[in-house]
There are 2 protein chains.
Amino acid sequence: MKWKELEEEPCSMARTIGVIGDRWTLLILRECFLRTRRFEGFQSALGITRHLLAERLKKLVRQGILRRIPYQESPKRHEYILTQKGLDLYPIMMAIVHWGDTHMVDERGRPLLHQHRKCGKDFDPVMVCSECGEPLSAKEVHTHPGPGARSAPAAAAPTTSKTKARSRAA
Amino acid sequence: MKWKELEEEPCSMARTIGVIGDRWTLLILRECFLRTRRFEGFQSALGITRHLLAERLKKLVRQGILRRIPYQESPKRHEYILTQKGLDLYPIMMAIVHWGDTHMVDERGRPLLHQHRKCGKDFDPVMVCSECGEPLSAKEVHTHPGPGARSAPAAAAPTTSKTKARSRAA
DNA sequence: AACATACAGTTCTAAAATAGAACTGTCAAA
DNA sequence: TTTGACAGTTCTATTTTAGAACTGTATGTT
């Protein structure tokens, strides 16, 4: 599979993975949420090669996740700032951190704590149902096709090769 | 950076990314949550090469995210089932899907809907503060070092090369 | 008996992505 | 005049991934 194709699959997860689903991109986004804004900042914080960093930043800008804002003229320099679309990635980041806090910490405990300004307490992120407010777990959720589903009879995707992907959505 | 190193960084996000932060792994996990359990099931659903699939499944088993359970003798065959550690990835998956539903759908709308068995309604996942129950956003959260933080003065990491990563945690 | 099929891998080569280092170019400060 | 900060770009070497074929056990078919 070419990764461009991912973004066109009838699956919100595949599409999202096509955009942010690689290691460096996720780490770059971590830095964004930690307020890093400049090329050298990302590079020295992450140890990523300059080549890849330039690539990934371009992609994130193309995708509307970062905005490239000039902060000085001559030589022209820019900062990379999260757009609203980028800020909306926050639950993904927090969910990843929280899983790591739960399953990947050593004896020393969590590297970082998160304090909620509104209530002043250190917290964990909890994912709840938008309708009833109860915490969610996989077993309590039933998945069913929505309007954008690629229904089996329609469009009749050829599925030429035996090894091609069946259509599947999420 | 070698990806093994990621798992040892003092950052829950880096560690988690080291385990599940690549495209195929995330897609394999999607299939797991959609109840796929067998090698051929994953392969035909995703179109992943058999070689990589075998690799990734092994890694997920090593990490305790999947359990390999025999379902027949001679020839020995196994199913791959999510452990509790694997099931705990659900908020990450839902957060990814939800972002895609918000920012990556076409005119046709969402490919999949999610129904909460408890309340019976189609829902969106919402991330809230465990302490006060309010929805979270990046701007309302203050991050500070926890017990597992790699504090600057201690341990005195050499940081030999100019291009090596500064220590950074999340 | 001979053949095809299901299943779960393993093994190969070619193509693509990433690592690592060096280089470019503008400007400011020493 | 030299050095350093900054934001890249360019190059080669290494590592990963893609793609296809092959292995091996067992069942079902002709």
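Because only heavy atoms are used, hydrogens play no part in the values below, and waters and symmetry mates are left out as well, while side chains stay in. Numbered from 1 within each chain, the chains take letters A, B, ... in sequence-line order. Everything numeric here is computed off the predicted structure, so don't read it as measured data.
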Verify the contact: side-chain N or O of [X] to OP1 or OP2 of [N], cut-off strictly under 4.0 Å; return yes or no.
{"X": "A/W24", "N": "C/dA19", "value": "yes"}
{"X": "B/K58", "N": "C/dT10", "value": "yes"}
{"X": "B/R77", "N": "C/dA6", "value": "no"}

What is the minimum heavy-atom distance between A/L113 and B/P147, and which atoms define it?
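Looks like CD1-CD, 4.5 Å.
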
Any carboxylate oxygen within less than 4.0 angstrom of a Lys/Arg side-chain nitrogen, looking at A/D124 and A/R110?
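Yes, this pair counts.
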
When all nucleic acid strands are considered with a 4.0 Å heavy-atom cut-off, which category describes [X]: base, sugar-phosphate, or nothing?
{"X": "B/R23", "result": "nothing"}
{"X": "A/T49", "result": "base"}
{"X": "A/R56", "result": "sugar-phosphate"}

To the nearest Å, give me how far apart [atom1] ([X]) and [atom2] ([N]) are.
{"X": "B/L27", "N": "D/dT17", "atom1": "CG", "atom2": "P", "value": "13 Å"}
{"X": "A/L53", "N": "C/dA21", "atom1": "CG", "atom2": "C1'", "value": "16 Å"}
{"X": "A/F42", "N": "D/dC6", "atom1": "CZ", "atom2": "P", "value": "14 Å"}
{"X": "A/E40", "N": "D/dT9", "atom1": "CD", "atom2": "C1'", "value": "13 Å"}
{"X": "B/I28", "N": "C/dG9", "atom1": "CD1", "atom2": "P", "value": "12 Å"}
{"X": "A/Q43", "N": "C/dA22", "atom1": "CD", "atom2": "C1'", "value": "14 Å"}
{"X": "B/I48", "N": "C/dA8", "atom1": "CD1", "atom2": "P", "value": "15 Å"}
{"X": "B/R50", "N": "C/dT10", "atom1": "CZ", "atom2": "P", "value": "11 Å"}

Cationic tip of B/R38 within the cone over B/Y71's six-membered ring, i.e. under 6.0 Å and within 45° of the normal?
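Cation-pi check for B/R38 and B/Y71: passes.
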
A/Y80-A/R68 side chain donor-acceptor pair, cut-off 3.5 Å:
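Indeed, the side chains of A/Y80 and A/R68 share at least one donor-acceptor pair under 3.5 Å.
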
Nearest-nucleotide comparison on DNA chain D, the residue closer to the 5′ end among A/R68 and B/E55
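Going by which nucleotide is closer to the 5' end, it is A/R68.
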
Between atom CG of B/D101 and atom CG of B/L112, what is the distance when rounded to the nearest 0.5 Å?
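Reported value, rounded in 0.5 Å steps: 8.0 Å.
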
Does B/E79 or A/E73 map to a spot on DNA chain C nearer the 5' end, using the closest nucleotide for each?
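Checking each residue's closest nucleotide, the 5'-ward one belongs to B/E79.
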
If you find the nucleotide of DNA chain C closest to B/F39 and the one closest to A/H51, which residue's nucleotide is nearer the 5' end?
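The 5'-side residue here is B/F39.
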
Nearest-neighbour nucleotide for the B/S74 side chain, C/dG9, D/dA26, D/dG8 considered:
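Of all the options, the side chain of B/S74 is nearest to D/dA26.
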
Out of C/dT18, D/dG8, C/dC7, whichever nucleotide has its closest atom nearest the side chain of A/L52
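The answer is C/dT18.
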
